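Single-structure report; data block below.
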Amino acid sequence: LRYLHSSNISSASSRQKYALSLMAANCRNEYITNVLDDSVGELGIMSWVFGLHLVNNGVQSDKHNADSIIAQLLSMQLPDGGWAVRGEVSDVDVTSMTIQALAPHCGDENVKAAVDKALNLISVQQLSSGAFSSYGIENAESTAQVIIALSALGIDCRTDERFAKDGRSALDGLLQFRLEDGSFAHEPDGAYSHMATGQSLNALIS
């Protein structure tokens with residue numbers, strides 16, 4: 001906390017991730033509320049996504065609430081059904097992470113319709129290996145984010161036919177990145193990646 005209060009962390013989404021980490025450690029410091037007040041919408045779509053995660057976990061703010069953040073996220077959905085950091089072509093990572101934040105709100109018809117449209121896109125984007133790509137590169141992290149999104153919606157990535165191609169599920173796609181020591185590579189036949197390993201383990205837990 002001393003580090004967070006004394007450091008000028010310019011990235012809004014980084015501050016939000018720190019706040020979520022504090023909450024996971026059962027900390028309820030004013031830093032968390034302040035982050036929600038001063039970070040939502042300050043760094044594009046991801047600062048809206050992680051802002052909604054904060055609200056989903058009980059953080060309250062005079063400036064932002066679930067309805068206002070959800071409305072903004074829905075307004076940012078692209079014509080193809082997904083979301084992206086920039087441009088008019090969706091990215092599977094950003095789409096999946098947006099779904100994760102919206103998942104608790106699918107009782108709302110508008111949210112459900114947006115999520116269903118995004119799921120249709122993700123199904124189309126799945127590769128024959130069962131995995132997913134981002135910026136043209138088949139990778140573990142994109143596949144992991146899809147699995148986490150599906151799990152957040154109660155969809156079993158191992159058995160749902162929408163997310164299986166040529167008999168390979170999204171889980172099969174993820175496991176192709178697993179190395180002999182149990183860690184994961186970013187790309188097929190690649191070397192250990194700490195980011196790929198962390199996200200893949202999160203997906204397996206989900």
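Because the structure is a prediction, the values reported are computed rather than measured.
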query: If every non-hydrogen atom of Asp91 is compared with every non-hydrogen atom of Tyr135, which pair is closest and at what distance?
result: OD1-CE1, 3.8 Å

query: Out of His194, Gln145, His186, which residue meets the side-chain hydrogen bond (donor to acceptor under 3.5 Å, both in side chains) rule with Gln199?
result: Gln145

message: Can you list everything that forms a side chain to side chain donor-acceptor pair (under 3.5 Å) with Thr197? Sequence neighbours excluded, please.
response: none

- prompt: Can you check whether Gln72 reaches Val40 side chain to side chain, under 4.5 Å on heavy atoms?
  reply: no

- request: With sequence neighbours excluded, tell me which residues meet side-chain contact (heavy atoms from CB on, under 4.5 Å) with Ser68.
  value: His64, Asn65

task: Taking all heavy atoms of Phe50 and all of Met97, pick out the closest pair and write down the distance.
output: CZ-CE, 3.7 Å

All side chain to side chain donor-acceptor pair (under 3.5 Å) counterparts of Ser61, not counting sequence neighbours: Asp37

task: Considering non-hydrogen atoms only, spot the tightest contact between Ile69 and Trp48 and give its length.
output: CG2-O, 3.4 Å

message: Starting from Ile137, can I reach Val146 by hopping between I/L/V/M/F/W/Y residues whose side chains sit under 4.5 Å apart?
response: no

Test side chain to side chain donor-acceptor pair (under 3.5 Å) applied to Arg158 - qualifying residues, sequence neighbours left out: Asp156

task: Search all heavy atoms of Glu42 against all heavy atoms of Ser47 and return the closest pair with its distance.
output: N-OG, 3.3 Å

Salt bridge (Lys or Arg N to Asp or Glu O under 4.0 Å) contacts touching residues 12-36 (sequence neighbours left out): Arg15-Asp38

- prompt: Considering only heavy atoms from C-beta outward, does the side chain of Asp172 approach that of Gln176 to under 4.5 Å?
  reply: no

- prompt: In the hydrophobic clustering (ILVMFWY, side-chain contacts below 4.5 Å, transitive), which residues join Ile147, or is it alone?
  reply: Leu171, Leu174, Leu175, Phe177, Phe184, Leu201, Leu204

field: Partners passing side-chain contact (heavy atoms from CB on, under 4.5 Å) against Ala66 (at least two apart in sequence or in another chain)
entry: Leu52, Val55, Ile70, His105

message: In this structure, would Val59 and Leu43 fall into the same cluster of hydrophobic residues linked by side-chain contacts under 4.5 Å?
response: no

- request: Could you verify whether a donor N or O on one side chain and an acceptor N or O on the other, from Thr33 and Gln60, lie under 3.5 Å apart?
  value: no

task: Using the test side chain to side chain donor-acceptor pair (under 3.5 Å), find all partners of Lys112 that sit at least two apart in sequence or belong to another chain.
output: Asp116

query: Taking all atoms of both residues into account, what is the closest heavy-atom pair of Thr95 and Ala118, and its distance?
result: CG2-CB, 3.9 Å

field: Flag for Gln16-Ser39: side-chain donor and acceptor within less than 3.5 Å
entry: yes

field: Under the salt bridge (Lys or Arg N to Asp or Glu O under 4.0 Å) test, residues paired with Arg162 that sit two or more places apart
entry: Asp160

field: Sub-4.5 Å side-chain heavy-atom contact between Lys165 and Leu127
entry: no

Exercise: identify the closest heavy-atom pair between Ala185 and Ala196: O-CB, 3.5 Å

message: Would you say Ser123 and Asn120 are linked by a side-chain donor-acceptor pair, where the criterion is simply a distance under 3.5 Å?
response: no

message: Suppose we screen for side-chain contact (heavy atoms from CB on, under 4.5 Å). Which residues come up paired with Leu121, at least two apart in sequence or across chains?
response: Asp80, Ser90, Gln125

Shared hydrophobic cluster, Ile148 / Val94 (ILVMFWY, side-chain heavy atoms < 4.5 Å): no

- prompt: Side-chain heavy atoms under 4.5 angstrom apart, residues restricted to Ile, Leu, Val, Met, Phe, Trp, Tyr: same cluster for Leu74 and Leu119?
  reply: yes

statement: Tracing side-chain contacts under 4.5 Å among Ile, Leu, Val, Met, Phe, Trp and Tyr outward from Val124 reaches none

field: Where at least one partner belongs to residues 185-206, residue pairs that pass salt bridge (Lys or Arg N to Asp or Glu O under 4.0 Å), sequence neighbours excluded
entry: none

